[in-house]
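Computed over heavy atoms, backbone and side chain alike; hydrogens, waters and symmetry mates excluded. Keep in mind that what you see is a predicted model, and the values were worked out from it rather than measured.
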Protein chains: 2
Amino acid sequence: MKRTEDAETALCHMIEAMAPGERLPSERSLCEDLKISRGTLRVFLERLEARKKVWRHVGRGTFAGSRPLETNPGLSVVADTTSPHELLEMRLIFEPKVAQLAALRASRQQISQMWYCAKKTGIVTDSKAYELWDATLHRTIAEAAHNKLLLDVFDAINDVRNNTDWGRLRDMVVSTPARQRQWWMQHEDLVDAIAARNESRAEEAMRKHIESVQLMIQGAARNQLSLMPE
Amino acid sequence: MKRTEDAETALCHMIEAMAPGERLPSERSLCEDLKISRGTLRVFLERLEARKKVWRHVGRGTFAGSRPLETNPGLSVVADTTSPHELLEMRLIFEPKVAQLAALRASRQQISQMWYCAKKTGIVTDSKAYELWDATLHRTIAEAAHNKLLLDVFDAINDVRNNTDWGRLRDMVVSTPARQRQWWMQHEDLVDAIAARNESRAEEAMRKHIESVQLMIQGAARNQLSLMPE
DNA sequence: TATTATACCAATTTATTAATGGTACATTTC
DNA sequence: GAAATGTACCATTAATAAATTGGTATAATA
């Protein structure tokens with residue numbers, strides 16, 4: 001009885017002397033040092049964990065201090081748990097302002113590339129090709145904002161977009177020639193505003209464009225929902 | 001002479017028949033199949049790479065089609081290459097809209113937590129504690145937007161913020177009681193707008209707040225620049 | 001009842017091995 | 001002499017194996 005209590009206080013002192021985040025020896029070596037069995041040691045550690053004195057993780061070890069905020073998982077893993085609605089809301093926050101900055105800072109070469117991409121979105125026939133040129137256009141605009149951090153965030157969001165499998169939904173984006181014509185005209189309008197260095201018009205054009213997509217997707221999702229058995 | 005040319009055209013046809021992104025056999029097995037040496041094969045591949053017909057990567061292989069956009073490196077690694085200016089521009093794009101959504105969707109509990117954090121930013125004395133409560137306030141607002149993807153993006157941006165070492169710059173944020181009072185009042189105003197469910201006022205308050213920080217940091221950076229030897 | 005001893009599991013890290021494209025150089029072939 | 005070959009080695013990456021860790025169950029022991 002006495003010996004194990006001594007071991008517990010020794011363990012506590014040991015932990016208090018450690019810097020937060022520092023790693024404890026493994027359970028197997030700790031129980032040797034303290035001359036107690038692994039089972040009893042784990043009882044002590046359980047209490048310490050409840051008191052937020054340590055935190056544990058299988059395969060890694062036991063650490064002093066309280067569990068750190070889980071590190072950013074890279075954004076692409078959230079693809080499974082996010083919805084088209086969330087993604088479009090995000091893009092609606094982000095991209096209009098990006099277009100505004102692009103209107104200020106785009107180089108002539110970038111603008112001509114935008115024209116090229118926009119034209120392509122009007123003439124390609126299959127949905128995969130459309131998506132490619134659409135993505136390239138939007139990314140060119142993000143590049144034209146000339147802010148590296150902003151571009152990285154854009155790519156991170158796009159990663160989510162690419163790693164989802166709302167497959168049937170995506171095909172609907174260019175389901176009809178009329179729709180494709182609508183997106184193409186919006187693209188032309190957007191690039192025209194950027195080329196004219198008209199900040200507010202560029203922002204507005206991008207906002208309108210994404211809102212259109214949002215409306216379309218919402219409608220499609222509703223239809224699809226009513227058709228699906230579960 | 002003739003045989004190698006045949007091999008080159010055969011290689012071209014092979015690649016054209018492949019789907020973009022598909023992986024070619026390794027150089028060592030390809031040159032066996034085509035009955036040519038690795039050196040000449042590599043000359044062909046070099047030409048194909050220049051024409052964007054293939055792209056190569058050491059340790060991975062050679063792939064058909066044009067090189068895909070480089071994958072998101074995790075956002076936290078860009079911390080070294082980004083600047084306070086870029087970060088604040090990013091936040092200025094992002095957070096006002098987040099505040100607007102928060103005004104729509106914040107729960108009562110979240111609002112009371114905002115009040116608590118805002119009050120703390122007014123009374124704490126050391127700059128580390130200020131940063132803690134400031135960060136908690138801003139993150140609570142992001143949570144209140146109730147969009148998981150948005151929150152992840154917010155955390156990613158914050159990661160950059162934490163992983164930089166513009167140390168002296170950060171201390172200046174609360175360098176004087178007058179400054180701290182300024183930020184505190186802006187925080188109170190912001191939370192008040194959210195609590196009142198006033199979207200446009202919340203957006204405006206957040207914009208004003210970040211613009212103030214932006215101005216301050218710019219001024220501080222200028223001063224520091226003029227003091228630094230290199 | 002409390003403690004020990006033992007065995008096994010799933011998650012994770014670390015170490016090892018194998019494979020890839022990149023490069024240099026001597027050799028062969030036409 | 002120019003073109004092609006054969007060979008050896010490197011740095012990077014992927015694939016695999018081995019070792020370690022916390023988590024859990026069970027029987028034996030004090």
Side-chain angles (χ1 to χ4, degrees), chain A residues 1-12 14-15 18 21-68 70-74 76-77, chain B residues 1-12 14-15 18 21-74 77:
Chain A
M1 293 282 188
K2 190 69 183 345
R3 215 186 70 247
T4 64
E5 285 177 12
D6 283 353
E8 183 166 19
T9 59
L11 181 60
C12 287
M14 175 184 181
I15 287 166
M18 290 175 70
E22 193 176 351
R23 190 184 140 177
L24 276 69
S26 73
E27 293 183 355
R28 285 166 178 82
S29 75
L30 253 185
C31 65
E32 271 191 25
D33 295 348
L34 299 173
K35 318 285 189 197
I36 57 177
S37 78
R38 211 180 139 213
T40 49
L41 170 65
R42 282 182 56 73
V43 174
F44 299 159
L45 287 176
E46 217 160 326
R47 285 204 276 262
L48 287 164
E49 186 178 27
R51 282 188 246 152
K52 310 277 184 182
K53 297 298 181 185
V54 301
W55 60 277
R56 305 187 276 181
H57 193 102
V58 283
R60 313 223 304 206
T62 306
F63 302 83
S66 54
R67 172 176 267 104
E70 56 187 35
T71 178
N72 166 29
S76 50
V77 297
Chain B
M1 293 280 189
K2 189 71 184 341
R3 214 187 70 245
T4 64
E5 284 179 12
D6 284 353
E8 181 165 21
T9 60
L11 181 60
C12 287
M14 174 184 181
I15 287 166
M18 291 175 69
E22 194 175 350
R23 189 182 141 177
L24 276 68
S26 73
E27 293 183 355
R28 285 167 178 82
S29 74
L30 253 185
C31 64
E32 272 191 25
D33 296 347
L34 298 174
K35 319 286 188 196
I36 56 177
S37 78
R38 212 181 138 211
T40 49
L41 171 65
R42 283 182 55 75
V43 174
F44 300 159
L45 287 176
E46 215 161 326
R47 283 204 278 259
L48 286 165
E49 186 178 27
R51 282 188 246 150
K52 311 277 184 181
K53 297 298 181 186
V54 301
W55 62 277
R56 307 186 273 181
H57 193 103
V58 282
R60 312 222 298 198
T62 306
F63 302 83
S66 55
R67 170 177 267 105
L69 307 167
E70 57 186 34
T71 179
N72 162 32
V77 297

Atom-to-atom span, CZ of A/Phe44 to P of D/dG22 - whole angstrom: 16 Å

A/Leu41 versus A/Cys31, closest heavy-atom pair with distance: CD2-N, 3.8 Å

Length of the line joining A/Glu46:CD and D/dT24:C1', which is rounded to integer Å: 11 Å

Partner of A/Glu8 under salt bridge (charged side-chain N to carboxylate O under 4.0 Å, His left out), chosen from A/Lys53, A/Arg42, A/Arg47: A/Arg47

Angle between terminal axes - the helix from C/dT1-D/dA30 to C/dC30-D/dG1, 5 pairs each end, rounded to 10°: 20°

Closest non-hydrogen atom pair, B/Arg56 against B/Glu46: NH2-CA, 3.6 Å

A/Leu45 CG to A/Thr40 OG1 distance, which is reported to the nearest 0.5 Å: 9.5 Å

Separation of A/Thr62 OG1 from A/Leu30 CG (nearest 0.5 Å): 8.0 Å

Spacing of A/Leu11 atom CG and A/Leu48 atom CG [to the nearest 0.5 Å]: 5.5 Å

Short heteroatom pairs, N/O only, protein and nucleotides 25-30 of chain D, under 3.5 Å:
none

A/Glu32 CD to C/dT6 P, straight-line distance once rounded to whole Å: 12 Å

Distance, rounded to the nearest Å, where A/Glu27 contributes CD and D/dT20 contributes P: 15 Å

Separation of C/dG21 P from B/Leu45 CG (nearest whole Å): 8 Å

Nearest non-hydrogen partners of A/Arg23 and A/Met18, listed with the distance: O-CE, 3.4 Å

Protein and nucleotides 8-19 of chain C: nitrogen or oxygen contacts under 3.5 angstrom:
residue: C/dT12; atom: OP1; partner: A/His57; partner atom: NE2; Å: 3.0

Minimum heavy-atom distance between B/Ile36 and B/Ala7, given as atom pair plus value: CG2-CB, 3.8 Å

Whole angstrom value for the distance that separates C1' of C/dA2 from CZ of A/Arg47: 12 Å

d(CZ, B/Phe63; C1', C/dG21) in whole Å: 11 Å

Short side-chain N/O contact from A/Thr40 to OP1 or OP2 of C/dA2, under 4.0 Å: no

Intermediate values then yes/no, side chain to side chain contact (heavy atoms under 4.5 Å, CB included), A/Phe44 and A/Leu34: CA-CA 12 Å; A/Phe44 299 159; A/Leu34 299 173; 5.9 Å; no

Heavy-atom closest contact (B/Arg60 atom, B/Trp55 atom, distance): NH2-CH2, 3.8 Å

Contact under 4.0 Å: A/Arg42 side-chain N or O vs D/dG23 OP1/OP2: yes

Spacing of B/Asp6 atom CG relative to D/dA4 atom C1', expressed in whole Å: 15 Å

